[in-house]
Amino acid sequence: MQIVIVGGGETGAELALRLAAKSQSVVLIEKDPQRATELQEQTGVLVINGDGANAQTLEKAKIRSAGLLIAVTDINEVNIIACMVGKNKQVPRTVARIRTLEDPANTESRGLSLEQMGIDVVINPERAVAHEILKMILFPDAEEVEYFAGNRVVMVRVPVSTGSELTSQTLRALRLEKGSIVMGIKRANGDFVIPGGNDRVQAGDRVYVIGNVDVIRGAQWLLPKEATQIRRVLILGGGVIGRYLASLVESSREQPFRTKIIEKDPEASEALNRALSKTIVLPGDASDRSYFNAEEFADADAVVAVTGDDRTNIVASVMAEKMGAKKIIARVNDMGYAPVYSASAVDSAVNPHLITASQILRLTRSEDLVSLSLLKNEDAEAMELVLPPSAKVVGKKLADAGLPKGVLIGMIVRDGETTIPHGDTVLKAGDHLIVFALPKLSSRLDRVFGTAS
Amino acid sequence: MEYLENLFLFGGIILMAFFLIGHLSQRLRVPSLLMYMVLGVALGWMVTETAQTALGQVADLGIVLLFFLLGLQFPLNRLVSISRKIWKVGFADIALSFGVTAILAYLFGFDSLSALIVGGVAYASSSSITVRMLEETGRTSTPEGEFKLALLIFEDIAAPVMVSVLLGLSIEGTVTLSTLGLLFLKVVLMTGLTLVIAFYGFRRLDLFVKRYSTRDFMPLLTAAIAFIWAGFAVYLGLSKLLGAFLAGVMLAETGASRELGRTMVHAKDLTLPFFFFTFGSSLTFGATILAPALLIVLILWGVVAKVIVGLWGGRSYGLSHEGSLRAAFSLVQRGEFSVVIAAMAETALRVFSGVYILVTATFGVVMFRNAPRIADAISRVLARRRHARSANGG
């Protein structure tokens, strides 16, 4: 597929790299000539120096033959115009990154519908980051969390310790709680296995377990130690991410939290007070020192440092760790700081660019795909797809469906009910399948499930 | 009459005295309101009834403006969420400060009405002193400041109910359920009306207010709304402080709290000292004090009860350990409502209550000032002990 990316910032560059690695044909449009030259060298894809909101530049990038237009410049308006022009030139799918406080899909505040703007999918990095962080707070012991089936099903990655119940028997004999299943094992030596019934989990492995949200949340058996209880959440920085996150945490129905947010700017604090209802807002004195609040660190279970400044986030994280916070999550903007994070106390670092890029990557696949997530180190792909009536496996028993080795259907969502399938389960059109697959098999999957476009 | 004839002279002298006292308190690093109160107590014998009434009216302006300005800092949705969190603490406060005190007084031989009145005197922390102290110490916008204000608002709603119940008991000897129901209905009506006007009125006036906020007629609008709403509350038989506070909340919806606040702050500074002065001069003292042993017990309990409410309530409100410690040591001062309730009692009990109020107010202000230091010291001791225990254990 021909893919045009407008905007060569960190997200654009990351996307170009990842898509090129998947042998997609990528053209990148970047306004700044010097950056354009750099990108050409860095990514190896074709970089056109020009204005992405300009029809001629887009023509030069062969927009007419493109299957996907991704507009990720820093300016909302440029992204919107690029999509409008793209849609006008018959691009089947357009994606725009829009940074606003309000919900970008809420067209009332904008006066134009997404359709009128020619945008198929809006990506809001701040929102995405906030959602990502919320998952980490809800599942503090998991190293990775993905939701499926409208947040009813969740997949977590957890380390396995010696003496864990999981190591006692083969997977077939193992009595896991009803409604959950081991979908993948990352061996201590780095190998990744999509397990069969005869495989065994060993201490030192990391397992990917999928199940209904309630089952996984209460799953003490999964954990190597006492489950981390998070009740008090402290957010540092009341910018867009902090504010989204606070409102998400406030409205979390899965668990009630006590949330506090520290914002150094007194006026921004006032706005936060207006916007948030349950969160306690701690206004600062306009200096970064406002964030280094030992008293509040000592009181918090989870500290989330999402100020716009990486160094502030790092210092605050180290301090929070010293004061005994159980879970520390920090935003990292400049990936150059990544080594500092991994050497420090931060449990999880979130990067808005990477999150945006991985969200967009899902869209490069066919439309029957509801969601796709790449696991850590791209060991495997976990995806939710809707079985089209034309798929050749429809009407067949799972055992006869001819799934290649390295592919596992972990769960089927049918008429709102989730079930773990077995060999005799018959696949039906319209089933939501949650599938785990090794990345090299993804092209074959399209054939099996009829998702090839 | 002579006061009115020489209005400027008297008024000027009083203002000059307040200025000197205020300045002195700054030099001595003593909260100014305490000095005004002490001045009131000292000069109380000089103040005639007419003067007391006149001063009282100016004082009312001051306290109404104080609460109005406070309300300006609370947007509506914030207030709604606060009220959701505070009611449990509020009822615990009634049980401990009012209930236990009344029981203690009863056990010490007071008759049931006197015991209830003493309970009422011990119930509410002084809103005016607390708010003024928050301002003086710059702790208004801290989370624990918010918690204290929330509790005060709860008390300001509960106290008028209490006053009317006690009044009913002391005059007629009974309280009917319908009087109580009516009172609740009025509170609901007042709050509901505030919400409606704020949402459908002031929220749409934002541009108007922003455009004219610096014009000379804007203070008129601001003051008018504050006074009308305070007056309406009084008309309904509720607290004027509650009305003034709600007026501030309504105007806060315009999003121009800062600008509107600026128009009123000088008027508040001019009139508020009168409040603390008349507060001091209205206390009744006498040569003999009824049941001094009980008085000491009640004062001690008055401190302990508020510390418990602050500690437990602060934690359940979501404050940090240190934050709730600070809150615990900032609630002891009793004030205006206690005076109102004490006024219902007969003379001997009034003296008893006067001493109670003065001692808790003074002690409360001192504790309030030092609350951060006390909290810090306690949490340091606790941390050290925890450390020692974990070292022993390990």
Side-chain angles (χ1 to χ4, degrees), chain A residues 101 230-236 238 243 246-247 249-252 255-286 289-303 319-320 322-326, chain B residues 72-86 138-150 198-199 202-203 206 249 252-261 314-327 371-372 375-376 378-380 382-383 386-387 390:
Chain A
L101 252 177
I230 292 189
R231 294 270 300 132
R232 292 171 186 256
V233 179
L234 177 65
I235 302 170
L236 308 180
R243 187 161 153 182
S247 58
V249 175
E250 267 187 1
S251 56
S252 158
Q255 193 178 319
F257 291 103
R258 290 201 177 284
T259 329
K260 285 185 199 164
I261 187 165
I262 301 182
E263 167 53 47
K264 66 172 177 179
D265 176 23
E267 279 193 29
S269 307
E270 218 179 293
L272 284 171
N273 246 334
R274 236 169 255 283
L276 300 169
S277 55
K278 291 186 201 148
T279 306
I280 296 180
V281 181
L282 290 102
D285 58 0
R289 282 192 305 276
S290 319
Y291 295 120
F292 309 137
N293 187 330
E295 181 185 324
E296 294 300 337
F297 285 157
D299 202 53
D301 298 323
V303 173
M319 204 171 153
K322 280 256 175 291
M323 303 300 297
K326 295 177 200 157
Chain B
L72 274 180
Q73 296 176 24
F74 281 84
L76 218 51
N77 65 338
R78 186 108 211 95
L79 201 66
V80 173
S81 76
I82 285 176
S83 56
R84 237 185 276 141
K85 283 195 282 187
I86 203 68
R139 277 149 60 190
T140 310
S141 55
T142 59
E144 116 252 7
E146 185 186 287
F147 162 71
K148 277 177 276 191
L149 294 175
F199 265 112
F202 288 107
R203 201 168 265 194
D206 54 343
V249 172
E253 285 304 301
T254 58
S257 299
R258 213 172 284 242
E259 292 85 347
L260 291 174
R315 272 312 267 175
S316 77
Y317 189 82
L319 301 184
S320 64
H321 283 288
E322 260 189 82
S324 46
L325 274 171
R326 279 196 299 269
D376 199 39
I378 293 180
S379 57
R380 229 175 311 141
L382 287 179
R386 216 177 306 135
H387 210 75
S390 66

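Within every chain, numbering begins at 1; the chains are lettered A, B, ... in the order of the sequence lines, protein sequences first and strands thereafter.
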Requested in this report: For atom CZ of B:Arg203, decide whether the heavy atoms of other residues, nucleotides or ligands shown that lie under 6.0 angstrom number more than 12.
Outcome: yes
Query - Spacing of CD belonging to B:Glu322 relative to CD belonging to A:Glu296, to within rounding of 0.5 Å - result: 9.0 Å
Requested in this report: Measure A:Ala275 against the heavy atoms of chain B and call it side chain, backbone, both or neither at under 4.5 Å.
Outcome: backbone
**Report entry** Closest non-hydrogen atom pair, B:Leu319 against A:Lys260
**Finding:** C-NZ, 3.6 Å
Query raised in the report: With only heavy atoms counted, which part of B:Ser379 is less than 4.5 Å from chain A, the side chain, the backbone, both or neither?
Result: neither
Requested in this report: Decide yes or no on side chain to side chain contact (heavy atoms under 4.5 Å, CB included) for A:Glu270 and B:Arg258, but give the supporting numbers first.
Outcome: CA-CA 11 Å; A:Glu270 218 179 293; B:Arg258 213 172 284 242; 2.6 Å; yes
Query raised in the report: Are the side chain of A:Glu295 and the backbone of B:Ser320 linked by a donor-acceptor contact shorter than 3.5 Å?
Result: no
Query raised in the report: Do any N or O atoms from the side chain of A:Arg258 and from the backbone of B:Ser316 form a donor-acceptor pair under 3.5 angstrom?
Result: yes
Query - Reported CD-to-CG distance for the pair B:Glu144 and A:Leu282, which is rounded to 0.5 angstrom - result: 10.0 Å
Requested in this report: Let me know if A:Thr279 has heavy atoms under 4.5 Å from chain B in its side chain, its backbone, both or neither.
Outcome: backbone
Query - Derivation of the side chain to side chain contact (heavy atoms under 4.5 Å, CB included) call for B:Tyr317 and A:Ile280 - result: CA-CA 10 Å; B:Tyr317 189 82; A:Ile280 296 180; 4.2 Å; yes
